[in-house]
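Read the structure below first, then the notes.
In this text, all values refer to a predicted model and were calculated from it rather than measured experimentally. So that the names make sense, note that chain A is the first sequence line, chain B the second, and so on, each numbered from 1.
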Amino acid sequence: QSALTQPPSASGSPGQSVTISCTGTSADVGLYNDVSWYQQHPGKAPKLLIYEVFRRPSGVPDHFSGSKSGNTASLTVSGLQAEDEADYYCSSYAGTNDYVFFGGGTKLTVL
Amino acid sequence: QAQLVESGGGVVQPGRSLTLSCVASGFNFRYYGMHWVRQAPGKGLEWVAVIWYDGTYKHYGDSVKGRFTISRDNSKNTLSLEMNNLRVEDTAVYYCVREKSRGAGFDPWGQGTQVTVSS
């Protein structure tokens, strides 16, 4: 089993845009559109931000967006706000042999 | 709205067993695949296990295969995780989650239950 690869950290100033990448393989991210993104604030449970690559659950602000190209998925946070400072995790369905992989997480800092 | 409440965590010695429970409310539990996800202290998320909506398929992460058993009782809206031969590295917060689609879109998340394996 291999985790998906995310950068350990990312940062941006308020109002800027930041993109976090999530790299897998042709057997997970590249093959399936079951890619999700989660936000986790310290001491809290994770919260679903994006599912099926780009879909947002109701209640998630539209300054969060998702995309995918080949084996890499991306989360873009536009118009950074102080409350966006958190850890972000990607995940992907990986077929019935491995089922689910998570990325190692990216700590987003709002400068 | 949909809600998941985990329980059953605690402090246990290596080699012992523990069973976690998760009670679902606010949605039709019997129609959804369910998972356990854990997070060790200061670490990232790790997928643990899945069970299909009708209980006919189960799958486990490599680190728990052969030691953990996931099960469900659709009549009681309850998901369980039986953990045997616990190791120090199983120490984590364990979350019960519902999937929106296969292996993805985990929502909602419960508050989690802490499992500490220590001698």
Side-chain angles (χ1 to χ4, degrees), chain A residues 1-9 20 22 24 27-29 31-60 66 68 73 86-107, chain B residues 1-7 9 22 26-27 32-53 56-66 68 70 89 92-114:
Chain A
Q1 269 184 341
S2 298
L4 307 178
T5 300
Q6 296 181 235
S9 63
I20 299 171
C22 170
D28 40 67
V29 174
L31 184 59
Y32 302 105
N33 286 328
D34 298 292
V35 176
S36 306
W37 290 90
Y38 303 90
Q39 177 191 59
Q40 186 178 35
H41 287 106
K44 302 291 188 182
K47 171 189 171 183
L48 178 65
L49 285 181
I50 298 286
Y51 67 102
E52 293 177 359
V53 177
F54 61 87
R55 302 186 191 284
R56 277 190 311 275
S58 60
V60 173
K68 188 182 85 166
D87 293 325
Y88 292 82
Y89 296 91
C90 64
S91 75
S92 175
Y93 177 65
T96 52
N97 281 341
D98 296 301
Y99 221 87
V100 176
F101 289 139
F102 276 100
T106 298
K107 183 175 181 62
Chain B
Q1 74 275 18
Q3 189 175 6
L4 299 166
V5 178
E6 303 94 336
S7 62
C22 169
F27 67 99
Y32 288 89
M34 298 294 296
H35 301 247
W36 287 97
V37 175
R38 70 184 182 183
Q39 187 169 33
K43 302 296 185 182
L45 302 173
E46 179 187 9
W47 178 76
V48 174
V50 59
I51 185 168
W52 280 5
Y53 70 101
T56 58
Y57 177 84
K58 305 174 186 180
H59 194 72
Y60 303 89
D62 286 348
S63 60
V64 307
K65 203 170 294 183
F68 289 13
I70 190 171
E89 54 265 34
V93 175
Y94 284 73
Y95 295 100
C96 156
V97 294
R98 178 188 71 171
E99 65 176 25
K100 274 187 176 295
S101 60
R102 60 184 177 185
F106 296 152
D107 177 65
W109 293 65
Q111 84 286 354
T113 187
Q114 175 72 49

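Among the candidates A:Lys47, A:Gln40, A:Lys44, the residue making the largest number of heavy-atom pairs closer than 4.5 Å to chain B is A:Gln40.
Within the 4.5 angstrom heavy-atom criterion, only side-chain atoms of B:Tyr95, from C-beta onward, approach chain A.
The aromatic ring centroids of A:Tyr99 and A:Tyr93 lie less than 6.0 Å from each other.
By a heavy-atom distance cut of under 4.5 Å, B:His35, B:Val37, B:Gln39 are the residues of residues 32-41 of chain B near chain A, going up by number.
The ring pair (Phe, Tyr, Trp, His ring centres under 6.0 Å) search around B:Phe68 returns none, not counting sequence neighbours. Looking at residues two or more places apart in sequence or on another chain, you find a side-chain hydrogen bond (donor to acceptor under 3.5 Å, both in side chains) between A:Gln6 and A:Thr106.
Between B:Trp47 and B:His59, the two ring planes are parallel [angle under 30°; tilted spans 30° to 60°].
Pairs engaging residues 102-112 of chain B under the side-chain hydrogen bond (donor to acceptor under 3.5 Å, both in side chains) rule: A:Asp34-B:Arg102 [sequence neighbours left out].
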Derivation and outcome, side-chain contact (heavy atoms from CB on, under 4.5 Å), residues A:Ser92 and A:Val35
CA-CA 4 Å; A:Ser92 175; A:Val35 176; 4.1 Å; yes

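Side chain of A:Lys68 to main chain of A:Glu52: no donor-acceptor pair is present (N/O by atom type, distance under 3.5 Å, no hydrogens or angles).
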